[in-house]
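Everything on this sheet refers to the single structure shown next.
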Protein chains: 2
Amino acid sequence: MPHGQENMGSSVPTLEDVAARSGVSTATVSRCLNTPSQVSATTRERVMRAVSDLGYAPNFGARALAAKRTNTFGAIIPTMENAIFARGLQAFQDELGENGVTLLVASSSYSPQQEEEQIRSLVARGADALLLIGQDRTPKTYAFLDKRKIPYVVAWVFDRTNTRPSIGFDNRQAMKALADEVLEMGHRHLGVITAEREGNDRARGRFEGICDAARDHGINPDSLAVEETTYAIDNGAQAFARLMACTPRPTAVLCGNDVFAAGALMMARKMGLRVPEDVSITGFDDIELAEIVTPALTTVHVPHREMGRRAAQKLLSLRAGDDPGPSIELATTIQWRESLGPAPARN
Amino acid sequence: MPHGQENMGSSVPTLEDVAARSGVSTATVSRCLNTPSQVSATTRERVMRAVSDLGYAPNFGARALAAKRTNTFGAIIPTMENAIFARGLQAFQDELGENGVTLLVASSSYSPQQEEEQIRSLVARGADALLLIGQDRTPKTYAFLDKRKIPYVVAWVFDRTNTRPSIGFDNRQAMKALADEVLEMGHRHLGVITAEREGNDRARGRFEGICDAARDHGINPDSLAVEETTYAIDNGAQAFARLMACTPRPTAVLCGNDVFAAGALMMARKMGLRVPEDVSITGFDDIELAEIVTPALTTVHVPHREMGRRAAQKLLSLRAGDDPGPSIELATTIQWRESLGPAPARN
DNA sequence: ATGTAAAATGTAAGCGCTTACATTCAAGTG
DNA sequence: CACTTGAATGTAAGCGCTTACATTTTACAT
């Protein structure tokens, strides 16, 4: 293409086309787009007209390549299928949006290996910073992040023993608090539905919390009826059915999350069991679902929105070069509803 | 940096670093990564070792810039907060994954303007093709897509009058079928909870379907009690409460989606109304939620997974340069559960 | 050995953008 | 009016990669 001649035809307009059409250099056009104050009002106007006439949109890759900064953050969450992360992520996104950064979301299907791939992919795409869920990942992954100097924050957990910037809550303690309540209500035979604990520190923490509470109440954690399964309502239902077949039959089933609990509830109904009269069921997370089901779930309320918002703030400040500062612990509370009741009288 | 000298220090390794370390040219390294068959086994091995030693990962922007192809598709959905699109999107993603393409998801919050921005952003990021929900968008947006020659497919709707490649179902007819059933059961006073119809052809279609059915049963559509609100369980609940305050009070409430219906159900319970004895409630979509709530929702089942899968296939084939072919219509069915019953005897 | 075609590799020109640095211009000063 | 100065603009060097084309190597037939 002869220099200075505007790109004709239907192909994608470039900075150069805009420059040609408005009679300035590409540098000026670039400045118009990025630092408008450095351009005189008259030329700016002319350039902007050319931009809209041409329907020009900057090429992201080229921009990232040249500027080494994308104004894009990434988040890798274990799943999009369930609403567990939706609310927190929304808050995260909103906060970022207000600061002019775009969010790219990927899901790992709870697979550490897939997560690593996703991390690489987001980084290759130029993510300036990352939101990660939980601490469990290979040293290699962390090494990669460190080597690349990508700021990240680990959310949904708070672990005082760890030095990584994190923002979340103590899963173990939170679940213990709920389990304590269950035990205080006289339940002696507990069933547990947990997500796969391998590679999932949150699930492990929650399970440990139940064990802690059991021990405190003179119950051997080994006597717990435990079902481990993957994340889906129906799996919760199946696990509940298996639990109900145990001897002695649990009078309360503690679920690692609300999704399992919803499944359990569904299965209880199907089996003709009344909740909480015949069996109590509890959840964890307090997602929307918890309030919708019948009976409504007694569960652990997690401040998702605040977590998302503050994760965004921390990441923004990390990118700006600020010191990580201490990890942030958020408090959980027990959300009392209807699915937990006293242990049925012995029969 | 002197030519041929490996990049020391901790900065991000580039193709050139890999080339230097393995003693070949950048071209060979590139071929190793993209078309390994063109490289001899021995060099390939040497190069791959260097790649992993260095922890090299290609820079996406640079690659896109040079190759003009990203193997990335984009999807813009109205919302991530609710699970409406989750299942379809998951199927879409799975199908793409099998074909080596990555999915980038953005959400528009049901705002056509935001949607346009998202489209531009995804295109700037190099999306090879796009999945769009519904037909309602400005001509400008379509013009942009056409000019850029970005293949796209419109999902969640099927409109025989339109020439854009689409894959979905006839919202109007599907809702009419359900409304017919409701009317057959003797209901004469209907309430409707619909999403905002402006800029949302699916919501409009569903509403029109109800009107069609009403007319067929000798009911003036203007006599329908209609509540229009935005997408959230709680909004559904509030709308239901308002509907129950109408005179005459509707004996059946048709909701534009399952989320509204879940909210309505919740509010009915709160108001002490039995469903379906006192009032019937129906949904649309048949998402997981529909089966979980009590009573379970009678709703319109939409083949989300198939829609997602076939949308992916069509997009893949469009990118390959194939002809769009005809739009695909999927069938919906009525999913009978418990929330719809005969109209209560007149009191 | 010698020639030849195919396979393997190298060279270098961009892809579209940003930005350090150089240049030009306008508006005051003394 | 020459001179300084800061604002506006231009020039051009990359950013990290792919790929057309050129060159070298290899394998094999003669």
Side-chain angles (χ1 to χ4, degrees), chain A residues 1 3-4 6-7 11-47 50-51 54-72 120 123-126 128 148, chain B residues 1-4 6-7 11-47 50-51 54-72 120 123-126 148:
Chain A
M1 189 183 85
H3 179 76
E6 184 173 328
N7 182 347
S11 79
V12 180
T14 70
L15 240 211
E16 197 170 339
D17 298 327
V18 176
R21 183 180 241 263
S22 46
V24 299
S25 72
T26 59
T28 299
V29 178
S30 174
R31 278 187 287 255
C32 259
L33 266 22
N34 298 300
T35 50
S37 67
Q38 288 180 20
V39 179
S40 76
T42 55
T43 38
R44 198 189 321 160
E45 196 173 316
R46 198 149 34 93
V47 170
V51 165
L54 257 29
Y56 168 79
N59 176 309
F60 179 82
R63 178 176 265 188
L65 197 54
K68 303 181 164 285
R69 168 52 114 105
T70 59
N71 270 320
T72 298
R120 280 177 184 278
V123 168
R125 281 196 147 72
D128 293 338
R148 281 297 215 297
Chain B
M1 189 181 83
H3 178 76
E6 185 174 327
N7 183 347
S11 79
V12 179
T14 71
L15 240 212
E16 197 170 336
D17 298 328
V18 177
R21 182 179 244 263
S22 45
V24 299
S25 72
T26 59
T28 299
V29 178
S30 175
R31 279 187 286 255
C32 259
L33 266 23
N34 299 300
T35 50
S37 68
Q38 288 180 19
V39 179
S40 76
T42 55
T43 37
R44 198 190 319 159
E45 196 174 316
R46 199 148 33 94
V47 169
V51 165
L54 257 29
Y56 169 80
N59 176 309
F60 179 82
R63 176 176 268 187
L65 196 55
K68 301 176 166 288
R69 195 199 257 196
T70 60
N71 270 320
T72 298
R120 280 176 185 279
V123 168
R125 282 196 147 70
R148 281 297 215 296

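In what follows, chains are A, B, ... by sequence order, proteins preceding strands, each numbered from 1.
- A/Val18 is listed as a side-chain neighbour of A/Val47, based on a closest heavy-atom distance under 4.5 Å.
- Atom pair A/Glu16:CD and D/dA12:P shows a separation of 13 Å (rounding to whole Å applied).
- Looking at every heavy atom in both residues, B/Ser25 comes nearest to B/Ala19 through C-CB, 3.8 Å.
- Taking each heavy atom of B/Pro36 and B/Arg44 in turn, the nearest pair found is O-NE, 3.4 Å.
- Rounded to whole Å, atom P of D/dC17 lies 17 Å from atom CG of B/Asn71.
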Polar atom pairs between nucleotides 13-15 of chain D and protein, under 3.5 Å, N or O only, would you list them?
| residue | atom | partner | partner atom | Å |
| --- | --- | --- | --- | --- |
| D/dC15 | O3' | A/Lys68 | NZ | 3.4 |
| D/dC15 | O2 | A/Ala66 | N | 3.4 |

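- As a whole-Å value, the separation of B/Phe60 CZ from D/dT18 C1' is 14 Å.
- Formation of a donor-acceptor pair under 3.5 Å by the B/Asn34 side chain with backbone atoms of B/Arg31 is not found in this model.
- Inter-residue side-chain proximity for B/Asp17 and B/Thr14 is flagged as met; some heavy-atom pair is nearer than 4.5 Å.
- One interatomic measurement links the two molecules: CG of B/Leu15 to C1' of D/dC17, which rounds to 6 Å at whole-angstrom precision.
- Atom CG of B/Leu15 sits about 7.0 Å away from atom CG of B/Leu33, to the nearest 0.5 Å.
- Here the straight-line distance linking atom CZ of B/Arg125 with atom CZ of A/Arg125 works out to 8.5 Å at 0.5 Å rounding.
- The side-chain heavy atoms of B/Thr72 and B/Phe60, taken from C-beta on, include a pair separated by under 4.5 Å.
- When rounded to the nearest whole Å, the span between CG of A/Asn34 and P of C/dT19 equals 7 Å.
- For the segment residues 36-47 of chain A, the set of residues with a heavy atom within less than 4.0 Å of an atom of DNA chain D comprises A/Val39, A/Ser40, A/Thr43, in numerical order.
- Across the protein-nucleic acid pair, B/Asn59 atom CG and D/dG16 atom P stand 7 Å apart, rounded to whole Å.
- One atom, CZ of A/Arg69, and another, P of C/dT19, lie 10 Å apart when rounded to the nearest Å.
- For A/Thr28 and B/Gly23, each mapped to the nucleotide of DNA chain C holding its nearest heavy atom, the one lying further toward the 5' end belongs to B/Gly23.
- Using a 4.0 Å heavy-atom cutoff across all strands shown, A/Tyr56 reaches sugar-phosphate atoms only and no base atom.
- The closest side-chain heavy-atom distance from B/Thr70 to B/Arg63 is not below 4.5 Å.
- If you measure from atom CG of B/Leu33 to atom P of D/dG16, you get 16 Å, rounded to the nearest angstrom.
- Regarding contacts with the backbone of D/dC17, every side-chain N or O of B/Ser30 stays at 4.0 angstrom or more from both OP1 and OP2.
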